[in-house]
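Input: a single structure, listed below in structure tokens.
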Amino acid sequence: MSKGTTNVTQIKRTESTAVGGDFVTFRLADQLLGIPVLEVHDVLASQKITPIPLAPHAVAGVLNLRGRIVTAIDLRARLGLAVRKTDDKPMSIVIEHNGEPYSLLIDKVGEVLSLTAEHFERNPVTLDACWQSVSCGIYRLDGELLVAVNVDRLLDFAVAAAA
Amino acid sequence: MDDLLSEFLTETAESIDVVDVELVKLEQDPNNKSVLDNIFRLVHTIKGTCGFLGLPRLESVAHASENILGKFRDGALEVTPEAVSLILASLDCIKGILAGLSATESEPEGDDSELIGQLNAYAAGGAALAPKVKAETPPPAPQQELDRPLKPGEVSLDELEAAFQAAPGPQEAVSETPVLDEEPTAKDNGSRAGSEAQIAVQSIRVNVDLLEDLMNMVSELVLTRNQLLQILRRQSDSEFSAPLQRLSQCTTELQEGVMKTRMQPIGNAWAKLPRVIRDLSVELRKKIDLQMVGADTELDRQVLELIKDPLTHMVRNSADHGIEMPRERAAAGKPETGTIRLNAFHEGGHIIVHVSDDGAGLNVAKLKKKIVSNGLASEAEVAEMTDQQVQRYIFHPGFSTAEKVTNISGRGVGMDVVRSNIEKIGGTIDLKSVEGRGTTFVIKIPLTLAIVSALIVKCGNERFAIPQISVLELVRASGNSEHRIEHIKNTPVLRLRDRLLPLVDLHNVLKVARDDEAADADREEFIVVSQVGSFTFGIVVDRVFDTEEIVVKPVAPILRDIQVYSGNTILGDGSVIMILDPNGIAATTGSAMGDSDQVSESDVVATDSEGRKETMLVFRAGTETPRAVPLSLVARLEEIPVETIEFSNGSHVVQYRGQIMPLIMVDESCEMKREGRQSVIVFTDRGRTMGLAVDEIIDIVEDHVEVELTSDRTGIIGTAVIAKRASEIVDVSHYLLKAFGDWKKGARAEMQDGANGRRVLMIDDSDFFRNLLKPLLTAAGYRVASAASASEALRMREEGQKFDIILSDIEMPGMDGFELASTLRQDGIWQETPIIALSTHSSPQHVDRGREVGFDDYVAKFDRDALLESLAEHLTKRGKAA
């Protein structure tokens with residue numbers, strides 16, 4: 001599944017103003033999360049990743065995606081979850097942030113869901129601070145909750161670290 | 001057409017097109033700051049460029065519209081359709097002038113005062129005048145052309161321009177012009193097309209993105225080619241082999257070609273600067289000298305394009321704000337002519353550009369006031385900042401130190417733009433400024449996208465690339481080989497050719513686990529000997545693979561602050577690996593590389609690595625053993641017809657350049673040729689010329705010369721390995737003595753009351769130099785002692801040995817000459833002893849630094865006359881003082 005390049009300005013607008021839309025869902029330690037479908041460039045099966053000594057904790061390494069060097073972010077590490085078992089091969093969702101490609105390592109990608117505003121809720125105030133900062137809200141699904149992830153905020157730590 | 005002008009035309013035309021579009025955007029979205037900034041910058045650049053190209057008409061129009069834009073930016077004026085049309089009108093006017101410029105190479109005559117008046121009035125009074133110019137009004141540019149007598153060439157061009165701009169309206173106006181209107185229009189139309197075509201042929205502007213894509217594609221192609229070749233290697237007899245070879249070759253050529261399209265000497269970006277400086281110095285009535293060093297340093301085209309404007313900005317800033325007026329300079333005790341110096345060089349995978357001036361420097365107190373008044377920081381915060389932190393505020397947007405807005409700079413466009421442009425390409429900029437002494441900007445640009453040759457090494461389970469450029473050599477160390485890693489209190493060191501090499505274990509630097517497949521005792525380790533500045537050290541790695549050409553790609557922003565990496569790359573097998581930066585590795589180990597010293601240290605490097613090599617003239621005379629003499633001592637090589645050689649007063653002589661030149665045989669075993677031509681090496685010393693007759697000149701070799709055996713034979717200093725052969729180094733002073741019995745006397749006489757048994761200590765790590773200079777100094781009447789290192793010299797001081805004067809090399813392993821001099825100056829019995837620095841390099845920075853640390857003089861190693869003179873001078877001075 002490849003969405004190719006997307007119109008970034010359009011995304012920004014839907015992101016900040018509207019609630020709802022199409023989300024690519026994925027699982028991370030049994031939690032269901034979602035990223036707006038227009039932000040997703042690629043979904044990849046397990047890739048060969050070169051680890052980078054001295055890199056920040058959440059950076060899993062770099063990988064070669066059709067001649068482009070992509071920085072892999074381990075979302076489990078980023079969101080403070082337990083380390084993945086070694087024989088579980090992570091999948092990647094490739095997104096772009098400030099013109100740089102990033103690959104988000106996740107456990108498993110799910111289906112694309114169309115979500116509406118009526119199921120939307122703000123973050124519970126008691127939510128973990130780290131999750132607060134990257135989640136733009138929660139969708140109530142049947143029997144499950146989906147955390148909508150704001151990609152820009154997810155990768156803001158990169159900017160903060162680089163500045 | 002003048003290159004400068006044609007480039008200006010293409011550039012400005014592009015800028016104007018962009019401004020056109022952006023203005024319309026701005027009109028729709030008046031609060032969009034980035035669009036406004038972009039427009040402002042472009043117009044500012046146009047204005048600036050016009051200024052130094054001497055295009056007053058363009059400049060004044062651009063200046064007036066910039067004023068309005070400036071007010072937009074400051075929020076003093078609102079962005080209204082009227083204002084935008086006014087600016088669009090001024091752009092049209094600029095276009096008209098540009099068209100004339102490209103046709104006639106000079107600014108067409110005309111009067112823009114009406115337009116400028118409108119612009120200024122608008123800038124001053126805001127909307128008051130606005131109604132006069134409605135959005136629909138045809139642009140005033142074509143109108144103003146009517147106010148003057150029209151020459152055929154110009155008319156048609158402007159009219160053409162107008163025809164593009166607007167409907168038939170202006171056409172009617174043109175019909176008022178003289179009779180032959182239609183025809184010249186047509187003709188000129190043709191000639192204009194012709195001249196435009198000409199400009200187009202000179203250069204094709206290709207979008208860098210396209211080149212970028214091309215480069216990526218080629219990288220991919222190279223990768224695929226490599227894979228194919230690997231497959232081919234496994235199949236011994238394949239019908240694919242011939243076509244694949246061909247493909248391989250084409251790919252290589254293609255790669256080189258594409259690379260070449262991207263690499264340009266930095267001098268291209270500097271080409272405009274002498275003129276810029278010249279014009280500025282006239283305009284500002286300052287005297288400015290522009291020095292450019294390292295203009296042939298090549299860098300990526302994209303990078304070059306992006307640093308061009310920042311560099312121009314910086315040089316203009318230096319000229320405008322940095323360099324003071326001649327009178328002020330004279331009052332401050334500086335030469336009236338200020339110097340702006342550009343220096344570019346490669347260093348450890350980066351390109352470093354220094355832009356320095358010897359002007360007023362930054363006034364920290366003034367900056368502080370400005371920071372507070374601009375609300376960038378509170379007074380309390382400012383008080384806590386170091387001078388350098390304060391100075392760095394000049395990179396802040398909207399920060400300009402100029403007292404008034406001048407034509408050249410001072411609108412707050414400048415250093416912030418410079419910084420953002422440089423950071424855009426992953427570079428850094430910093431400055432050092434000393435009030436009253438000047439300012440130096442240091443720009444460090446990574447070699448993004450450039451292909452470099454890199455050594456692939458393994459550490460732990462990962463592979464890394466080290467740019468070949470910073471690798472001096474590779475050493476394999478294991479328990480039972482010649483080289484062995486030894487430890488001093490857990491600090492690993494390696495004995496390498498009688499020197500101790502500090503080692504840095506890459507495992508520790510990167511904090512990766514050791515690959516523990518081999519038992520500890522007889523484990524092999526590889527040491528990559530690298531040089532950073534004047535600091536040589538070894539990087540310990542697990543394995544060394546081969547070298548590979550790699551395409552350097554910048555690391556992601558999140559990794560940019562890890563200083564041990566300078567980039568990353570994709571190898572032939574498709575895997576991504578990190579490129580190590582030896583600079584960063586040295587820095588993480590805290591290895592004596594002071595931050596502030598880095599600049600001067602790096603100056604040393606560029607020269608140092610070559611400085612260690614000596615250029616030797618190798619020849620054969622008598623014996624089979626080649627003999628050698630430093631080329632720098634040789635005046636000329638001659639082939640002299642045997643019949644012109646005469647025998648006089650017991651020796652061979654020849655008439656040479658109106659003088660009698662004695663010919664000396666290297667030793668008794670040699671004979672003068674009987675016929676044909678005799679090879680002669682000519683030496684000159686103090687107006688005397690001597691020829692050394694040799695059998696054959698073999699070669700000129702650049703090599704590391706270490707004199708290994710000292711000879712007791714006269715005329716031979718010792719033996720050294722040159723170009724892999726043991727060669728005898730000839731003592732030139734011996735032959736000079738032989739040729740002129742009074743040579744020594746002459747030398748003595750010249751020393752006046754100097755010399756005569758004065759004690760000289762010579763410190764130089766090179767045996768070669770010690771052996772070369774010692775006979776020379778001895779011949780001049782000095783008693784010479786020598787030391788091979790600074791520490792040996794210090795030992796001699798402790799022993800209480802006394803000398804009248806000290807000669808010291810600068811580039812030495814361990815403690816260098818600068819350090820030694822400052823140590824000696826601090827205390828001890830040699831505190832007052834004059835010290836003369838000897839160096840193969842005597843750049844102004846070296847000399848300055850030398851004087852600062854306490855050297856009395858600075859002499860180039862090979863300049864024996866200067867050395868003898870300097871010795872005598874300082875000994876005499878001291879004698880008188882005592």
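These numbers come from a predicted model, not from an experiment.
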Looking only at A:Asn64, A:Leu63, A:Thr71, A:Val70, most heavy-atom pairs under 4.5 Å shared with chain B are made by A:Asn64
List, one per line, each side-chain donor-acceptor pair under 3.5 Å for residues 25-35 of chain A, sequence neighbours excluded.
from	atom 1	to	atom 2	distance (Å)
A:Thr25	OG1	A:Glu111	N	3.2
A:Thr25	OG1	A:Glu111	O	2.7
A:Arg27	NH1	A:Asp30	O	3.3
A:Arg27	NH1	A:Glu144	OE2	2.8
A:Arg27	NH2	A:Glu144	OE1	3.1
A:Arg27	NH2	A:Glu144	OE2	2.9
A:Gln31	NE2	A:Leu145	O	3.2

Practice problem: Please check if atom CZ in A:Arg140 has more than 12 non-hydrogen atoms from other residues, nucleotides or ligands closer than 6.0 Å. | Solution: yes
Donor-acceptor pair, distance only, cut-off 3.5 Å: does the side chain of A:Thr50 make one with the backbone of B:Val576?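 Yes, the answer is positive, given that a donor and an acceptor are paired below the 3.5 Å cut-off.
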**Study point:** Candidate list B:Leu510, B:Leu559, B:Ile577, B:Asn568, test side chain to side chain contact (heavy atoms under 4.5 Å, CB included), partner A:Ile52, passing option
**Key:**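 So, applying the side chain to side chain contact (heavy atoms under 4.5 Å, CB included) to A:Ile52 and each of B:Leu510, B:Leu559, B:Ile577, B:Asn568, only B:Leu559 qualifies.
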When rounded to the nearest 0.5 Å, the distance separating CD1 of B:Ile562 from CG of A:Leu54 is 6.0 Å
Non-hydrogen atoms of [X] and [Y] that approach each other most closely:
X        : Y        : value
B:Tyr565 : A:Pro53  : OH-O, 2.6 Å
B:Ala556 : A:Glu100 : CA-OE1, 4.0 Å
A:Arg68  : B:Ile570 : N-CD1, 4.2 Å

